[in-house]
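For reference, the structure is listed below as structure tokens.
Basis for what follows: all heavy atoms, side chains included, without hydrogens, waters or symmetry-related copies. All of these numbers come straight from a predicted model, not from anything done at the bench. Below, chains carry the letters A, B, ... as their sequence lines are ordered, and counting in each starts from 1.
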There are 2 protein chains.
Amino acid sequence: MPFKPCDKCSVSEMALCNALGCDDLKRLSELAFEQSAQKGETIINEADPASYLFNVTSGALKLYKLLPDGRRQITGFLFPGDFMGIAMNDCYAYSAEVVENCTLCRFSRPKLEKLMRDVPDLEHRLLNMVSNELVLAQEQMLLLGRKTAQEKVASFIKTLYERSLRRNPLATSVPLPMSRSDIGDYLGLTTETVSRTFSALKKNGVISIPDAGFVQINDPDELEDLSSGC
Amino acid sequence: MPFKPCDKCSVSEMALCNALGCDDLKRLSELAFEQSAQKGETIINEADPASYLFNVTSGALKLYKLLPDGRRQITGFLFPGDFMGIAMNDCYAYSAEVVENCTLCRFSRPKLEKLMRDVPDLEHRLLNMVSNELVLAQEQMLLLGRKTAQEKVASFIKTLYERSLRRNPLATSVPLPMSRSDIGDYLGLTTETVSRTFSALKKNGVISIPDAGFVQINDPDELEDLSSGC
DNA sequence: CGCACAATTGAAAGTTATCAAACGTTGTGG
DNA sequence: CCACAACGTTTGATAACTTTCAATTGTGCG
């Protein structure tokens with residue numbers, strides 16, 4: 001096992017720090033400020049100056065944008081290894097709120113940019129992460145624009161399930177820390193429609209809800225089919 | 001006016017080539033292969049190996065993803081200065097088809113990656129472009145998930161109008177090279193709903209259609225209001 | 001000029017949203 | 001430890017918006 005000088009971060013293999021040599025990792029870790037936050041806390045506000053870039057090390061967050069009348073679109077849920085803080089015109093493009101008590105690695109953006117000039121690997125890594133994020137955003141556009149309520153909910157559960165499999169290949173019970181209302185705002189549906197769709201999937205036997213905050217996947221193949229309308 | 005060694009590209013101030021010194025620009029231009037394509041041609045196919053990165057120099061394209069049953073989501077329209085070819089797992093994440101006869105600057109991905117190792121400014125520039133793209137994708141998620149048909153169409157026209165203003169600050173007539181069906185697949189609507197909404201906006205006097213393929217903006221402020229439901 | 005295709009308009013149907021009420025869960029204070 | 005309040009979830013009935021299906025009109029091109 002290679003020596004890991006960044007003692008602040010237990011998810012470095014999937015984070016910004018990945019693919020850096022020991023020296024560079026050390027320089028990056030010197031910039032990092034560890035921060036923890038409680039459920040409900042707002043970490044960044046849309047349109048505020050984008051002073052920091054964050055890396056999630058534990059817990060979960062939601063990113064969202066608002067319309068003037070309060071309608072909300074959640075653009076993503078963040079889990080350990082994910083980053084946030086991408087900006088346009090030096091302002092955040094979304095707000096971020098904690099869904100599940102979390103810890104974050106915070107980097108000053110100017111300092112990080114300075115380090116990136118010295119360590120091209122770091123910029124390369126960030127480019128990869130942002131590119132992946134963009135591909136996922138396009139997948140989400142397909143969901144929002146063209147899928148039915150059932151396909152949306154099935155896709156959402158499937159994505160969480162696959163993420164969970166990557167961390168624990170034997171798991172069948174998937175954590176579901178966000179509310180129905182959050183899920184609705186992520187999928188472009190109302191709370192009620194999300195709830196009804198969960199009920200329908202339970203009735204079909206595709207999923208069960210053993211405990212609040214978890215989904216159990218009984219029929220992964222059927223879930224897959226439902227998620228793209230096969 | 002600075003010397004521009006990349007004679008292939010008339011939009012370099014907004015493209016990949018921007019912010020490069022003369023030497024680096026020369027090295028980049030040596031990698032570029034100029035290519036032109038006719039309306040209807042498919043330039044890249046979703047899930048094909050991502051061998052190239054493209055920069056649009058003239059014309060227009062659409063990027064799209066398909067569901068198994070043929071439902072289509074257009075994830076973006078590309079105009080001069082835009083790039084395409086971002087990938088995940090070394091495969092394209094979308095297909096690209098020409099909307100209006102276009103010219104492209106094509107870069108071999110491995111060669112470009114090699115050059116990026118030598119020229120960090122280039123990678124920096126690409127990171128900026130991808131980051132902006134991500135912000136726009138999140139804005140589109142808000143549109144797809146939470147806006148009404150009228151808000152969607154008004155937002156779409158407004159975005160085209162603003163892009164057109166940037167190129168020609170006095171223009172009130174905006175080119176609209178894509179079909180109603182393309183617009184529908186971009187906004188998560190049917191052709192019929194798009195057409196009906198255009199008719200309603202004409203009736204209100206917000207827009208006119210002087211010639212096929214163009215929209216004239218009569219009331220930019222009202223358009224702005226309609227686009228976010230004020 | 002006429003054919004093929006795109007755009008528009010109309011009528012009916014369907015999916016999802018809205019409004020409303022009941023049920024569960026969680027956390028707190030008596 | 002229980003009771004209650006507050007909040008989130010579920011379920012039902014109705015309404016609205018958008019889609020679907022169908023027909024007509026308009027446009028571009030051979």
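The CD atom of B/Q216 sits 12.0 Å away from atom CG of B/D219, with the distance rounded to the nearest 0.5 Å. One finds the OH atom of B/Y186 at 6.5 Å from the OG1 atom of B/T159 (value rounded to the nearest 0.5 Å).
Figure legend: B/R163 and B/F79 shown without cation-pi pairing, the cationic atom not lying both under 6.0 angstrom from the six-membered ring centre and within 45 degrees of its axis.
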A/E224 and A/K158: CA distance, side-chain angles, deciding distance, salt bridge (charged side-chain N to carboxylate O under 4.0 Å, His left out) verdict: CA-CA 7 Å; A/E224 165 81 36; A/K158 190 190 133 209; 3.5 Å; yes

Criterion salt bridge (charged side-chain N to carboxylate O under 4.0 Å, His left out) on A/R167 and A/E162, from CA distance to verdict: CA-CA 9 Å; A/R167 323 197 103 238; A/E162 283 167 352; over 6 Å; no

Applying salt bridge (charged side-chain N to carboxylate O under 4.0 Å, His left out) to A/E100 and A/K39, what does each step give before you reach the verdict? CA-CA 5 Å; A/E100 193 179 60; A/K39 180 169 178 171; over 6 Å; no

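Protein chain B contacts DNA chain D from D/dT18 to D/dG28, reading 5' to 3' and using non-hydrogen atoms of the protein with a distance under 4.0 Å.
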Nucleic acid footprint by protein, nucleotides 1-11 of chain C - heavy-atom cut-off 4.0 Å, B for base, S for sugar-phosphate alone: ------SBBBB

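Side chain of A/R106 to main chain of A/L31: no donor-acceptor pair is present (N/O by atom type, distance under 3.5 Å, no hydrogens or angles).
Within a 6.0 Å sphere centred on CG of B/D90, other residues, nucleotides and ligands contribute 12 heavy atoms or fewer.
Atom CD of A/E151 and atom P of C/dT15 are 12 Å apart (whole Å).
Contact annotation for A/G188: backbone-only contact, meaning every heavy-atom pair under 4.0 Å involves sugar-phosphate atoms and none involves a base.
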